[in-house]
There are 2 protein chains.
Amino acid sequence: MSGTGAKAGRRDDIVAVALELLDAHGLPELSMRRIAGALGMQPSALYWHFPDKQTLLGAVAADVLGAPEASGPEALALDLRDRLLGRRDAAELVSSASALGHCRIPHSELLRSAALAAGADDARAAAAASAAVLYTLGWVLHAQQRSVAEALGAASPDAPEPAPYADGLELILGGL
Amino acid sequence: MSGTGAKAGRRDDIVAVALELLDAHGLPELSMRRIAGALGMQPSALYWHFPDKQTLLGAVAADVLGAPEASGPEALALDLRDRLLGRRDAAELVSSASALGHCRIPHSELLRSAALAAGADDARAAAAASAAVLYTLGWVLHAQQRSVAEALGAASPDAPEPAPYADGLELILGGL
DNA sequence: ACCTGAACACCGTTCAAGT
DNA sequence: ACCTGAACACCGTTCAAGT
């Protein structure tokens, strides 16, 4: 599920188990000690495979993002949104891993190409791709943390309804 | 600097000192123990003023955001961007505090009103305001963590140049 | 009303040493 | 090559008790 597909190995076991723990308990509970515990090893053993926790989380984020196959700009943005929505706390994970340079979002480059193919010039394609990715990440981040906030009963009663995802995306990708 | 302006009080001292520590050492170093230490008090004393760390950070975030006075949509977006760029790690602070419901971004509502005043209908105004805020937060987040990453020498050499802020904003607010 | 002191249950990371 | 065991230097939070 992670690399370009090959002999699994201990490193991929670690990423797989981290993903399970993420789904089961969320990002705040995802500690090195818990990952190690779930694998029956010592926390220190993880440091043979990864230099630090951030790098390990980057590998998990890359797994969440996968290899998108969609080809139109809107389809790529929706693919990204759906992958993020599909896993617990994925927006926060990906957002911080990508900002820190520990994972790459393949949708970015694909979106840029798709915009070029649709006839946009270089600057316009780059702006649209970057805005679409940042908007999507932000939108899902907000949605996921909103849902955890109200699950905790801390439903701030005056919080305004977020605008629908598609409306914002349309503004960004509208001119194709 | 924080509330609507009144008798300071211990609570505002805490927020002010937290802001100084944020500027001086960054968000990862901003612990309850350090804030308390800088005030010459025990960490547990902070819990008389705030129920938990997230709430305290929410108050700090509100202080960073302030009370914007700009009135056009673009001016409001730029005001938000500049406030975030003006303080260390501010984008991450505000992004997570606002997503968790511990602070409000006043620019959101003002942007919506400004879009309405510029002739947009309700749905369009809401979409533009939300997209502009999410885009701005994401753009600055990326910029700030990029700069910390390369300060640490971890300058990922293949990281693509981010598109200029104004280009993306133009896509979102272009139709006024 | 506001704070101390001590404790609880954790963290990420390093490093010598084992196999 | 891969992992253990123990340690270091921290965390956020709770709570009885003080003034």
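FYI, side chains are in, hydrogens and waters are out, and symmetry mates aren't considered; it's all heavy atoms of this structure. So that the names make sense, note that chain A is the first sequence line, chain B the second, and so on, each numbered from 1.
Between R10(A) and dC3(D) there is a side-chain N or O to OP1 or OP2 distance below 4.0 Å.
In this view, Y47(B) satisfies the ring pair (Phe, Tyr, Trp, His ring centres under 6.0 Å) rule with no residue, not counting sequence neighbours. Residues passing the side-chain contact (heavy atoms from CB on, under 4.5 Å) test with A91(A), sequence neighbours excluded: V140(A), L141(A), Q144(A). In this structure E20(A) satisfies the side-chain contact (heavy atoms from CB on, under 4.5 Å) test with no other residue, sequence neighbours excluded. For A45(A), the side-chain contact (heavy atoms from CB on, under 4.5 Å) partners at least two apart in sequence or on another chain are M41(A). When the side chain to side chain donor-acceptor pair (under 3.5 Å) test is applied to E170(B), no partner is found at least two apart in sequence or on another chain.
Taking a 4.0 Å limit (strictly below) on heavy-atom distances, residues 39-46 of chain B reaches DNA chain C at G40(B), M41(B), Q42(B), S44(B), A45(B). Residues from residues 48-58 of chain A with heavy atoms under 4.0 angstrom of DNA chain C, sorted by number: D52(A), K53(A). DNA chain D lies under 4.0 Å from at least one heavy atom of each of the following residues of residues 26-35 of chain B: S31(B), M32(B), R33(B), R34(B).
Only the C1' atoms considered, dC3(C) is 13 Å distant from dA16(D), to the nearest whole Å. Of the P atoms belonging to dA17(D) and dC2(C), the separation is 22 Å, rounded to the nearest Å.
Taking both residues in full, the closest heavy atoms of G66(B) and P106(B) are given as O-CG, 3.6 Å, listed atom of the first, atom of the second, then distance. Contact detail for V64(B) and R83(B): the closest heavy-atom pair is O-CD, 3.8 Å. The two atoms that bring P68(B) and L110(B) nearest to each other are CG-CD1, 3.5 Å, heavy atoms only. Nearest heavy-atom pair across A163(B) and W139(B) is O-NE1, 3.0 Å. When all heavy atoms are compared, the tightest approach of G168(B) to Y135(B) is CA-OH, 3.3 Å. Across every non-hydrogen atom of I172(B) and A128(B), the tightest pair is CG2-O, 3.7 Å.
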Verdict with supporting geometry, R10(B) and D13(B), salt bridge (charged side-chain N to carboxylate O under 4.0 Å, His left out): CA-CA 5 Å; R10(B) 216 77 183 92; D13(B) 291 353; 3.2 Å; yes
Watson-Crick and G-U pairing of DNA chain D written in dot-bracket, each distance under 3.5 angstrom, with | for inter-strand partners: ||.|||||...|||||.||
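Pairs of residues two or more places apart, or lying in two chains, never qualify as salt bridge (Lys or Arg N to Asp or Glu O under 4.0 Å) while including a residue from residues 36-51 of chain A. Applying the salt bridge (Lys or Arg N to Asp or Glu O under 4.0 Å) test to every pair with at least one member in residues 27-46 of chain B, sequence neighbours left out, gives these pairs: E29(B)-R34(B).
In terms of modelled atom types and a separation under 3.5 Å, the side chain of D89(A) and the main chain of L27(A) share a donor-acceptor contact.
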Under 3.5 Å, which N/O atoms of the protein pair with N/O atoms of nucleotides 17-19 of chain C?
none

